[in-house]
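See structure below.
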Amino acid sequence: MKRLFILCLLLISIQIYADELLTLHGNAIQGGILIGNIHENIEKVFLNYEEIPISEHEFIIGFDRDEKLRHILTLVLQNGKMETIKFFITKREYDTQRIDGIPAKYLEEPTEEELINRLESESDTLKKTRKKLYKNSNIYFENFTIPIENGKVTGVFGSNRILNGIPISPHNGYDIAASEGTEIKAMSTGVVALIGDYFYNGKFVLMDHGSGLSSIYIHMSRICVEKGDYVLKGDKIGEVGSTGRSTGNHLHWGVGWKSKRIDPRLILNNKKLFLTLKKY
Ligand SMILES: [Zn+2]
């Protein structure tokens, strides 16, 4: 009898799964990501009419800090039929962080020609590398972990910043202060897309998690991986430091989906069901 009950449950759950055309999990909010699982009959997915790579019936989409709220997802089935889903994401309010008394050298824009050339070349290399990874349709990530577990959070995503009374660009990452040498872990599985020692970033690691998802870890004292390395979630990639333009030992952890800036804190909490579309 018990076995029959389990069998019935199993059949019901298979039936439910087979009926689903799409499920979206994550945070439908500015700075959030949604992970989609689709029925095997779906051939293509478009977000706002732009094709999204699919890997093993899964895809990811993300929303920028100030992303528009209305979106259209289009699913193209093998039989040529189309399903269109319109949805809204939630608007966010961001805090303002005021810091005074920062030494001027941390805020000045460089004027020497040699340094300007260096900055241009560094920014160019980063842009080119990012563009290349936007096109990678593989999905390496499965789930996510925080790069430093017991650090002190000193900066959150999206906050407007006023330094010494002057507004600067909003903060696009998550800052975790920890002592020099503290281990920094990869937030998820992926490939090391770029490492370097740049003027602003200091020693950094940029990781490609597939399908446009990337993470960057900056101001390290030591880098423990090489470009091209395949790294598993939680593997050590470097150590905390204060290299580049940084006022103290901390990790600035940034997450991106294509050119959009994603809130690292939200990526850790992406299991929430947002939407289910049943097969008609
Ligand atoms: Zn930061």
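The figures here come from the full heavy-atom set of this structure, side chains too, leaving out hydrogens, waters and symmetry mates. Indexing begins at 1, ligand by ligand and atom by atom, following the structure's order.
For D124, the side-chain hydrogen bond (donor to acceptor under 3.5 Å, both in side chains) partners at least two apart in sequence or on another chain are K128.
Both the sub-6.0 Å distance and the 45° axial angle are satisfied by R65 relative to the ring of Y94.
Looking only at distances, no side-chain donor or acceptor of S121 sits under 3.5 Å from a matching main-chain atom of N117.
Within the structure, the side chain to side chain donor-acceptor pair (under 3.5 Å) test picks out the following pairs touching residues 212-233 (sequence neighbours left out): R130-S214, N143-K233, H209-S215, S215-Y217, R222-E239. Applying the salt bridge (charged side-chain N to carboxylate O under 4.0 Å, His left out) test to residues at least two apart or on different chains, the pairs with a partner in residues 32-56 are E50-K258.
Between F63 and F87, the angle of the ring planes goes over 60°, which puts this pair in the perpendicular group of the 30/60° scheme.
Among protein atoms, those of element N, O or S found less than 2.8 Å away from the Zn ion (ligand 1) are H171 NE2, D175 OD1, D175 OD2, H252 ND1.
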